[in-house]
Structure formats: structure tokens, C-alpha cells
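Hydrogens, waters and symmetry mates play no part in the numbers below; they use all other heavy atoms, side chains included.
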Amino acid sequence: MPDAAVLRSHLVFECQFAQNLFCAIPASCPIPEFLIGRAWVFRGTLGKRGFKLSGFKPAAARLAVQRDGFYLFMAPGRSG
């Protein structure tokens with residue numbers, strides 16, 4: 001049975017001040033205030049049109065969202 005987090009679309013934001021740091025939230029959840037502003041930039045929706053990021057772990061995302069409302073992760077090998 002697939003992980004529920006895999007089936008859920010996640011909005012992805014990239015930190016402008018920490019290289020390769022991303023934040024994902026389920027599309028159905030409100031966007032946390034810290035993501036609004038210059039420090040973070042919306043990069044896309046995971047699962048839409050093949051958009052994927054290495055470093056995103058569905059099981060970890062599910063647990064982090066349950067606990068914190070968002071999931072922070074590193075995407076190794078990306079450059080700006």
C-alpha cells in the first residue's frame with residue numbers, strides 16, 4: 001500500500017538564505033507565516049507535472065506535518 005504522503009500534493013518553498021533548504025506543506029494545509037516574505041520562494045507542487053526533489057522523504061514528511069504543520073528538508077546536489 002502506498003504511503004499517504006506520496007498521494008498528497010505538497011507545495012514546496014526554497015529558502016533564499018540557506019543553500020538547498022526546502023519546506024514542503026500539504027496543498028490542503030494553510031501556509032505558515034514564516035514562508036510568506038522574501039526569505040522563501042515558492043518553487044512548485046510535488047507530484048504535479050513530474051516535479052520532484054531529491055531529499056523529499058514521504059514518511060518523514062507525513063510525521064513532520066503531523067507534528068509541526070510543515071516539513072523541512074535538504075535537496076542535495078541542487079545549485080541556484
> If Ile, Leu, Val, Met, Phe, Trp and Tyr residues are connected whenever their side-chain heavy atoms lie under 4.5 Å apart, and connections chain through other members, are Met74 and Phe13 in the same group?
Replying inline: yes

>> Rounded at 0.5 Å granularity, tell me how far CG in Leu53 sits from NE2 in His10.
In response: 12.0 Å

> CD1 of Ile25 to CG of Leu46: how many Å apart, nearest 0.5 Å?
Replying inline: 11.5 Å

> Got more than 12 heavy atoms from elsewhere within 6.0 Å of CD, Gln66?
Replying inline: yes

> Atom CZ of Arg67 and atom CZ of Arg62: how far apart are they, to the nearest 0.5 Å?
Replying inline: 12.0 Å

> When hydrophobic residues are tied together by side-chain contacts of less than 4.5 Å, even through go-betweens, does Val65 share a cluster with Leu72?
Replying inline: no

> Could you give the distance from CZ (Arg43) to SG (Cys15), rounded to the nearest 0.5 Å?
Replying inline: 11.0 Å

> For Phe73, what residues pass the ring-ring contact (aromatic ring centres under 6.0 Å, His included) criterion, not counting sequence neighbours?
Replying inline: Phe22, Phe56, Tyr71

> How would you list, by chain and number, every residue that makes a ring-ring contact (aromatic ring centres under 6.0 Å, His included) with Phe34, sequence neighbours excluded?
Replying inline: Trp40, Phe70

>> Suppose we screen for side-chain contact (heavy atoms from CB on, under 4.5 Å). Which residues come up paired with Ala27, at least two apart in sequence or across chains?
In response: Ser9, Leu11

>> With rounding to the nearest 0.5 angstrom, report the CG to CD distance, Leu21 to Gln16.
In response: 10.5 Å

> Just wondering, do Ser54 and Pro76 contact through their side chains at under 4.5 Å, heavy atoms?
Replying inline: yes

